[in-house]
Structure formats: structure tokens, C-alpha cells
Amino acid sequence: METLLAKLRQTLRGRSAESAPLAGRVHREPPLEELVEGRWLTLPEGRCFLAEKAFALDQPHGVHRLGDLLAVPHEVWAPFLGGRGDAPFDPYEIVFFDVETTGLGRGAGTYCFLVGIGRFEGETFRLRQYFMPDFGEEEALLELAARDFAASSGLVSFNGRQFDWPLLETRYTLWRRPPPHPGEPHLDLLLPARRLWRSKLPSCALSALERDMLGVMRTEEDVPGYLIPELYSDYVSRGRTRPMANVFYHNATDLLSMVTLAARIGHLIAQPTESPGCDFVSLGRAYASQGHHERALEAFRRAANSTDRQEAAQGRRELGLLLKRLGRFDEAMAIWWAELEGNDVHPYIELAKQFEHRLKDPASARQLVLRAIERLKWGEIACADPDRTFQDLSYRLARLERHLGK
DNA sequence: GTGACGATCCCATACGCTCC
DNA sequence: GGAGCGTATGGGATCGTCAC
């Protein structure tokens, strides 16, 4: 088996060496190093092109600056770090990464031909892009990327938990190398972005977030993601370097956008009161699920005060339920009382429960249920399943009347 | 002890979304 | 176009409380 693998590696490397000069002749395009700032590296494992660039921390990217992330309190990331929410998340100890691949599949036939890795170093944000010029040179790319990953204590990506990292792990496994990083803590920015803006934006794809939240305008250099596998194929088989330079631009822009997106999200979570355009209901749920109850209550209050009627109703509902869960019944009841003239049946039911079970006042509970039934009949209360709601209310009323009768 | 009820948890299922 | 994750939803099981 080992011999077979060695032969395969040799064959692939041989093909790579043959195809490189051919590539230059077909289209007479300039070599990659003339189009992308970088240099070729030769390792025992093969050749790899390294493009490297450092950005000042006050470098703008859209409406934000790269260094904005450094002011975000580390603890805001805890709800989004997977199983390692307790791990420290220092921007200087983590790496941002994004890979360009030959397709969307997860199998052995999908290669990562470009790995972009960014990290804060002193007064700069340094971006390194490792590029494999042919399929036979993959191990060199993996070796160089591994050195960067191994020097980090955390990962940041966009959809990297589902796509980029598992794919990279597969590539290392296929070369019989251990993945260079345990994979945790891993901040996948797609998760908090969805939590914050799912109900506000038509899409939470990185390109949409760039446009709608970050003010990033890509130049004509950019290429759409779906074309990337084809462009790499053109590079390998026909030596087309110009479109490949555009892929470098695409990858670098993705990485810089991740940095400013993280800054935007981090500041928003840290100070939700100063963040218009955020889905405070989802943010509150995220806080509540992590036990940050006061922050959750604050987020729900923000939602409750929204000018968007639907968001305001949801905010009040979540606020009341969380207060009840925390045993703050009087505060919860105040919310429900204020809601009674709205078009939601929920506050009637919650108040009826409180009167029946906690306050031992079935007569008041009955009045509330009767009023809810009446409003439901008149169509003043909207609910997803009016018939079922009517049944539930009737059942509750019958029980209360039995109780009162006795 | 029994029954009714609410609260909570767990599980299964369906669906939408994102990456190249 | 493949695949995995998160979310929403609904049903069932379990537990604690209370009244009888």
C-alpha cells in the first residue's frame, strides 16, 4: 500500500513538472509571480507559491478598520465557540482562514488548492496565501499551512466548521499527516451572523454581509465563487494565470471581510444598545442559551421597543417567558398585562396560569380565559391555529369552572 | 394514593442555508 | 451540485406540585 502511494505521488509530481512549462506556452500569459506579489518555495514535499502581504491596523476595509477587532472584549465570543466556549480567544493567538477548492464535494477528489491564513502580528494584520501549482504539489501546501495553524490557539472562518476545516482535515488524512490543529476553539462567523441578522437580511452569505453590513465593494478583479474550480482547472491544464490572480484577490478579500465582520459582530454583541439593525430576539436567545440572563433580558427589551411590530411582539413574549423562568413573576405579569390589548393570545394564557396556580385566584383566571375566547371569536386575536387555540381555551375554562363550582 | 397540570427535557423530522 | 449544521416544530416521557 505504501509503495502504491509512493508511486502515485511520484507520478503526480512528474506530471506537475511536465505541465508547468507547457502552461506558460499555451496562452502566453505572464507567470503568476508577476501578477501576484509573492515567491515560489521548494520543499522536499514539492513546490508552493506563497503570496504574503501585511496591512496596517488602521487600514480601512469597507466602513471598518482591520484593527477594530482588537477592541472587542474576548468573552463575547463564548456562545459561538462550539464545545470550547471557556477557551481564551485572543485575536493575537488565533488565525483567520479560508480555502479555495476544486469543488463542493467532501470526498478525496476535492482539493484545497489555495489556503489563505491571516493573523495579527504586532501593528499589522499579516496575510499569507499558500497556492499549489498542480495536484502533485499538495503536500507542500499542506506542510506550509500546517506551520501557521500549529502556531495558533484558535480558528476563525466563515462556514469553516462545515466546509473549510473538514475538507482540510481530509486532505491531511489522505497524506497520512495529522491535522495541524485540534479544530477548537473555532469561531465560525456564519453562526453569529445568522443569529444577528437572519430576520433582517435576505441572505447571510459573506458577499451579502459585505454589501449590507460592512460597506465592502469588490472591484472588477473579483470572481464569483462558483467559477473558481473551473479557473483552477484552466490554470493547471492551460496555464491561465490572470484569472488565477483574481482568485487570490477573492480569497484575500474574503479574509479581510472576516476580520471586519468579526469586529462588527463583536462590538454589536458587546454593546447591543448601540447597534441598530440587529435581530435582538435572536441575540437574546443566544445569550439566554448560554446563561447570560441579564444580557438576554436587555436584548429582549430592545426588541420589545422596536418600531417593527412583529419584532416588538416577539421581544415582549421572550421577555415575559424569561422573567417567568427566572422566577421574576411580577415583572413577567407586568409585561403580559401591558400586552392584553394586543392581538396575541399568549399573555391571556400566561396570566391565567399565574392566577390559577400561583396566586390561587381561579375567578380572575376564568375572567381572562373568557375574554380571550371572546376576542378569538371576534377575530381580534391572531394565532396560527385558531381552532386548536379555541379548544385549549375551552378546556381551560371548563376546568376552572369545575374548580369554582366546587 | 390518584389524577390533573405545568415545566422541562429529549428525540425525530423537516427545512433552509452556506461553502467552491 | 453534496453535505452538514442550526433552527423550528411537535410528540412523548418524566418530574414536581397541588387538590381531593
Side chain A:Arg119, main chain A:Ala151, donor-acceptor under 3.5 Å: yes
Any A:Arg195 side-chain nitrogen or oxygen under 4.0 Å from OP1 or OP2 of C:dT7: yes
Nearest-neighbour nucleotide for the A:Arg198 side chain, C:dA8, B:dT18, B:dC19 considered: C:dA8
Touch class at under 4.0 angstrom, heavy-atom based, for A:Ile228 against every strand present: sugar-phosphate
A:Tyr226 OH - C:dG1 C1' separation (whole Å): 15 Å
Expected output: side-chain A:Tyr111 to main-chain A:Phe135 donor-acceptor under 3.5 Å: no
Between C:dG4 (P) and A:Phe163 (CZ): distance, integer Å: 12 Å
Nucleotide nearest A:Arg106 (side chain, heavy atoms from C-beta), chosen from B:dT18, B:dA7, C:dG2: C:dG2
Parallel, tilted or perpendicular: rings of A:Phe125 and A:Phe55 (30°, 60°): tilted
Short side-chain N/O contact to B:dG6 OP1/OP2 from A:Lys324, under 4.0 Å: no
Rounded distance (Å) that lies between atom P of B:dT8 and atom CG of A:Leu322: 11 Å
Selected nucleotide, minimal atom distance to A:Asp254 side chain, candidates B:dC19, B:dC20, B:dA7: B:dC20
B:dC19 phosphate, OP1 or OP2, under 4.0 Å from A:Thr101 side-chain N/O: no
Side-chain donor/acceptor of A:His267 to backbone N/O of A:Asp68, under 3.5 Å: yes
Touch class at under 4.0 angstrom, heavy-atom based, for A:Leu167 against every strand present: nothing
